[in-house]
Amino acid sequence: MTAVELHSATPSQTRRIGERIGLMLGAGDVVLLSGELGAGKTVLAQGIAKGLGVTDPVKSSSFVIVNEYDGASLRLYHADLYRLEDPAQVAELALDELAAGGVLVVEWPEQAGGELPEEHLIVRLSYEGAKGRRIVVEGVGERYLGIVRRLRGRERAVH
Ligand SMILES: Nc1ncnc2c1ncn2[C@@H]1O[C@H](COP(=O)(O)OP(=O)(O)OP(=O)(O)O)[C@@H](O)[C@H]1O
Ligand SMILES: [Mg+2]
C-alpha cells in the first residue's frame with residue numbers, strides 16, 4: 001500500500017499533519033494538494049511551511065500563482081493553480097525547475113493538465129461534516145513511499 005488515511009477534526013490538526021509532512025521533505029520534493037474549495041489545502045500548506053521553518057504567513061493571493069517563502073534550509077514554492085486559465089501556462093511557470101531547488105507545494109494540481117512532475121506526494125482532502133476532514137496521503141515514486149510509511153507508522157503509534 002502506498003497511501004495512508006488520516007482524519008482531522010480541526011484546522012489546527014490539519015496544520016499539524018502538514019507540519020509532520022513538512023519535517024520529512026527535502027530539496028526537490030513535490031507535494032500536490034487536491035480537494036474542493038475550502039477543503040483545507042491552504043491550511044495544510046501552512047503546516048508544511050511550519051515544518052520547513054517558514055516564519056512568514058502563508059496564504060493564497062489572488063494575483064500571484066506562485067508564492068515563495070524562505071524556510072530554515074529550503075525555499076518553499078507554494079503554487080495555487082485555481083485561477084489558471086490554460087494548462088499551457090503551467091509549462092511557462094517551469095514549476096519543475098523551481099522544485100529542484102526547494103520544495104514545491106501545488107494547490108489545484110488538476111488544473112495543470114499533466115504538466116507537473118511525475119513523482120510526487122499527493123494529499124487528497126475531503127469533507128467529513130463541517131469541521132472534519134479525511135486526508136489521504138499517497139506517494140507516487142520511491143522517494144515518497146518512505147514518507148507515507150513514516151506517516152502510517154505514526155498513526156499506528158497513536159491508535
Ligand atoms: N479540520 C479542518 N481542517 C482544515 N480546515 C478546516 C477544518 N475545519 C474547518 N476548516 C476551515 O476550512 C477552511 C479551509 O480553508 P482553506 O483555505 O485551507 O481551503 P482550500 O482547500 O485551500 O480552499 P481553496 O480551494 O479555496 O484554496 C478554513 O476556513 C478552515 O478554518
Ligand atoms: Mg487554498
Side-chain angles (χ1 to χ4, degrees), residues 3-84 87 89-90 93-112 115-128 130-141 143-144 146-148 150-151 154-155:
V4 58
E5 178 177 338
L6 308 170
H7 296 272
S8 161
T10 62
S12 54
Q13 274 183 17
T14 300
R15 217 170 273 119
R16 262 200 303 279
I17 289 169
E19 186 179 354
R20 252 150 70 189
I21 293 171
L23 286 167
M24 292 189 269
L25 297 175
D29 280 347
V30 177
V31 182
L32 310 183
L33 304 179
S34 177
E36 296 174 44
L37 283 171
K41 301 179 293 297
T42 299
V43 170
L44 196 118
Q46 288 165 347
I48 291 176
K50 186 164 184 225
L52 291 171
V54 171
T55 49
D56 283 348
V58 169
K59 43 193 172 177
S60 293
S61 74
S62 314
F63 306 106
V64 185
I65 291 178
V66 186
N67 280 289
E68 302 185 19
Y69 304 90
D70 276 324
S73 60
L74 291 168
R75 210 162 165 71
L76 169 65
Y77 299 91
H78 177 215
D80 187 339
L81 306 184
Y82 185 67
R83 290 167 201 87
L84 207 71
Q89 281 178 272
V90 178
L93 292 172
L95 293 176
D96 44 352
E97 283 168 36
L98 291 181
V103 166
L104 173 67
V105 173
V106 183
E107 295 190 37
W108 292 99
E110 301 81 5
Q111 293 271 85
E115 290 283 347
L116 293 171
E118 211 168 292
E119 299 205 346
H120 52 252
L121 195 72
I122 178 155
V123 183
R124 295 192 175 85
L125 298 105
S126 51
Y127 287 85
E128 276 183 328
K131 296 197 79 184
R133 299 292 189 272
R134 176 175 184 256
I135 300 175
V136 177
V137 185
E138 186 187 346
V140 181
R143 159 78 190 101
Y144 299 97
I147 293 178
V148 172
R150 285 167 69 188
L151 283 171
R154 287 284 284 273
E155 274 311 281

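Computed from heavy atoms alone, side chains included, the values below leave out hydrogens, waters and symmetry copies. Residues: numbered from 1 along the sequence shown. Just so we're clear, the structure is a prediction, and the values are computed from it rather than from any experiment.
- Annotation: side chain of V90 is in contact with side chain of L84 (closest heavy-atom distance under 4.5 Å).
- Contact annotation: the side chain of L116 never approaches that of V30 to less than 4.5 Å [non-hydrogen atoms, C-beta and beyond].
- With values rounded to the nearest 0.5 angstrom, R15 atom CZ is found 8.5 Å from T10 atom OG1.
- Looking at heavy atoms from C-beta onward, V31 lies out of side-chain contact with H120 at the 4.5 angstrom threshold.
- One finds the CE atom of M24 at 7.0 Å from the CZ atom of R20 (value rounded to the nearest 0.5 Å).
- In this structure, CD1 in I147 is found 11.0 Å from CG in L23, a value given to the nearest 0.5 Å.
- When every heavy atom of G71 is checked against every heavy atom of V54, the shortest pair comes out as CA-CG2, 3.8 Å.
- Interatomic distance, CD of Q111 versus CD of Q89, reported as 10.0 Å (0.5 Å rounding).
- With rounding to the nearest 0.5 Å, the separation of CG in D96 from CD in E118 is 11.5 Å.
- Of all the heavy atoms in P87 and E115, the pair that sits closest is O-CG, 4.1 Å.
- Here the closest non-hydrogen pair linking Y144 and E119 is CE1-C, 3.6 Å.
- Looking at E138, its side chain never comes within 3.5 Å of a backbone N or O of A3 through a donor-acceptor pair.
- At a threshold of 4.5 Å between non-hydrogen side-chain atoms, the residues L121 and V148 count as touching.
- The shortest distance between side-chain heavy atoms of Y69 and L74 does not fall below 4.5 Å.
- Looking at K41, its side chain does come within 3.5 Å of a backbone N or O of G35 through a donor-acceptor pair.
- Within 6.0 Å of atom CZ in R143, more than 12 heavy atoms from other residues, nucleotides or ligands are found, so the atom counts as buried in its surroundings.
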Test log, rule side chain to side chain donor-acceptor pair (under 3.5 Å), inputs H7 and Q13: CA-CA 9 Å; H7 296 272; Q13 274 183 17; over 6 Å; no

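- Heavy-atom neighbours of Y82 OH from other residues, nucleotides or ligands within 6.0 Å: at or below the threshold of 12.
- What you find for A45 and L33 is that their closest heavy atoms are CB-CD1, 3.9 Å.
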Stepwise side-chain contact (heavy atoms from CB on, under 4.5 Å) test for D70 and R75: CA-CA 5 Å; D70 276 324; R75 210 162 165 71; 2.4 Å; yes

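- Using a 4.5 Å heavy-atom cutoff, the side chains of L125 and T14 are in contact.
- Between H78 and the choices I65, V66, V105, the side chain to side chain contact (heavy atoms under 4.5 Å, CB included) rule is met once, by V105.
- Smallest separation of non-hydrogen atoms from L98 and L93: CD1-O, 4.3 Å.
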Derivation and outcome, salt bridge (charged side-chain N to carboxylate O under 4.0 Å, His left out), residues E19 and K50: CA-CA 6 Å; E19 186 179 354; K50 186 164 184 225; 3.6 Å; yes

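- A donor-acceptor distance shorter than 3.5 angstrom exists from the side chain of R133 to the backbone of A39, with no hydrogens or angles considered.
- The CG atom of D80 sits 6.0 Å away from the OG1 atom of T42 when rounded to the nearest 0.5 Å.
- In plain terms, the two heavy atoms of V136 and E5 that are nearest each other are CG2-CG, 4.2 Å.
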